[in-house]
Amino acid sequence: MTAEASVTGDQRSATCDQRSATCDQRSATFDSLAPADDEFIATFTVDSAETVAGVLSTARSAQHTWSSMPPRTRAQHLKAWRHEIWSRRAEFVDLIHRENGKPADDALLEIVLTLEHIAWAEKHAPRLLRTRRVNPGFLLANYSALVDKVALGVVGVIGPWNYPLYAPNSAISAALAAGNCVVFKPSEYTPAVGARYVKAFSDANPELPAGVLSLVTGFGETGAALCRAGVDKIAFTGSSRTGSKIMATCAETLTPVVMECGGKDPVVVAADADIAAAAEAVAWGAFTNGGQTCVGVERVYVERSIAAEFTAALVAHARGIEPGVHGSATYGPMTMPSQIEIVRRHLTDAADSGGRALVGGVHSIGSRFVGPTVLVETPEDCSAVREETFGPTVTVREVADLDEAIALSNDHRYALGASVFSRHHGSEIAERLVCGQVTVNSVIAFAGMGAVPMGGVGASGFGRVHGDEGFAEFCRTRGRVRKLFGIPGFELVTLKRRRWVMPLIDRALSLRHRR
C-alpha cells in the first residue's frame, strides 16, 4: 500500500526530494507538505536508531503496567481513546484531507472504520484472552492442562500513507487490546495524521504511563531501526517489495512479522450478474481514493455475453468522475509523487502492447492528479496487468466462460482480495479463487468488518489483521500443565519407571492405534 522509500529508505536523498516530504538533513528534520498544493503541514524529526531505542525502552517500562490490567480495564482506555478521536473528528478529517489529499467524506469514512475496529477489539479482547482448559490425554490423566494467551511485549507498527489512520490501526488496536505496548512509525508522507492519532490516546488517558502508544518519525532508516530495536513483532502494511526488505531486516534478530502487502485484485463478472450494480461497484473499487487502495479493483474478467454492456456502464461511471480538491471531487491527488510515474509507465506499456483506453489514458496524467482510466484488450503479460498500479486504472477483459475467468484471476503473484458478481453462482466461484478474502456482489466490504480477518497470499503477504485470527497475531500462546497427583510406579516422566509399565501401555494401546 505504500512505497519502498516510506519504510526501507535505501534512497533517502531521493525521498527528501519528493514534494510531499522535504528533508533538511543538517537539522535531521523533514516537512510534511500537502500533495495537492505543497501547503506546509508540520515539521518532524528524523528519529535515529538511538532515539528509537529510547522510545522502545520507555515502552518496555510501561508494558508491565499495561499488560497487568484486566482486559476489560484496557478496553475502557481504548473506549476513551475512541471517544476522543470521534469528538475531534472534524480536526482529523481536515488533517487527513490536507496531508493525504482524499476528500473530506472519504476521510470521515476512514475515521469511522478505524473506530469500528477499535470497538471490536475492546469488546472481544476479554473472550480472546481467556485461559482455556484442554484435555491432557489418557497417558497423562493425572495432570491438568491450560492454554493461556498473553501479550508479546512491545509491537512495532509501520504504516502506509494511503489509509494513514485505518491501516495501522488494524494492528495497533488489536495489539493494545491484547496487552502490548506499541511503537508506531507512520509514513513520512502522513506523519501528522499518525502523530495526532497517538496524541489522542494520551489525551484520552493521561493517567497511563508514557510509552503505551508511542510515535517515531522519519524515513527508511527509522523504520529499519525499529525493526532492529528488539521489538517483539513488526506489523507492516506496504508494498511487496518493501515487505521483503522488512522481512530481511527482521530476520537478523528473528523478529516475527505480519505482512499486509500489495494487491492486484480481480473481479469476476458472471453472465447472470446484475450488470448495473457490478459496474457501479467496480467503478468505486477501482477509482476510490485515486486507486490508492491495496484491496482496490485493478482487473476485471467478464463473460463475453455481457462484456459490452458491462464495459459501457463502467465507462459511463468513469466519465462522471472528477479528481480535484473541490467539494464535489471524487478523489484527490496522488499522495506520493513518484507513484504518478508508475501509473504512466503502466499506461504507456498497455498502449504499446495493443491495449486501448476507453476513457483516460496517458494524456489524463497531470503533475498531481490522474484521471480515471478504463483499459481493454490489454495483454495479460503487460505491466498494467502483472504489477500493482496503485492508481485510478482498471483493465477489463472478455472471457469465454467462468473457468477462464477464474484461471486468469488466480494466475498472479498477488492474491490479496477478490470480488465476484453473480446472481446464482457467487459462492461457488468465490470458493475457487485464490485470495485472502473475497466479496460476492460487492467490493472491499470485508475491510469494514471487525470480525473478518484480512491479509494476503503469495506476494500479498501473510498473517492477518482483524477478527479472531488478527487478534491472535499479537498474542503468545503459553501452555501450563500441573501434576494433580502421582501414580506410584506408573509415572511416565521419571527415571524410576517400573519395567512393566511400557509393556502394559503397549498392550493397552494396541486397541487404540491398530488398523
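What you are looking at is a predicted structure, and each value in this text was computed from that prediction instead of being measured.
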- Please state whether the rings of Tyr197 and Trp81 are parallel, tilted or perpendicular, taking 30° and 60° as the class boundaries.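 Correct class here is tilted.
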
Less than 4.0 Å between a side-chain N and a carboxylate O, is that true for [Y] and [X]?
X	Y	value
Arg345	Asp352	no
Arg241	Glu387	no
Glu377	Arg356	yes

- Message: Once salt bridge (charged side-chain N to carboxylate O under 4.0 Å, His left out) is applied, what residue pairs with a partner in residues 96-107 remain, sequence neighbours excluded?
- Response: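 Sorted result for residues 96-107: Glu39-Arg98, Asp94-Arg98, Lys102-Glu110.
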
- Message: Under the criterion side-chain contact (heavy atoms from CB on, under 4.5 Å), I'd like the reasoning laid out for Met454 against Ser170: C-alpha separation, chi angles, the key distance, then a yes or no.
- Response: CA-CA 9 Å; Met454 177 175 160; Ser170 296; over 6 Å; no

- Are the side chains of Phe30 and Pro191 in touch, meaning some heavy atoms are under 4.5 Å apart?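 They are in side-chain contact.
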
For [Y], does its backbone N or O pair with a side-chain atom of [X] as donor and acceptor, under 3.5 Å?
X	Y	answer
Gln292	Asn162	no
Gln339	Thr389	yes
Thr373	Gly361	yes

- Asp265 and Glu298: side-chain contact (heavy atoms from CB on, under 4.5 Å), yes or no, with the steps? CA-CA 6 Å; Asp265 288 9; Glu298 295 210 17; 5.9 Å; no

- Side chains of Thr114 and Asn169, donor plus acceptor under 3.5 Å: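 Absent: no donor and acceptor within the cut-off.
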
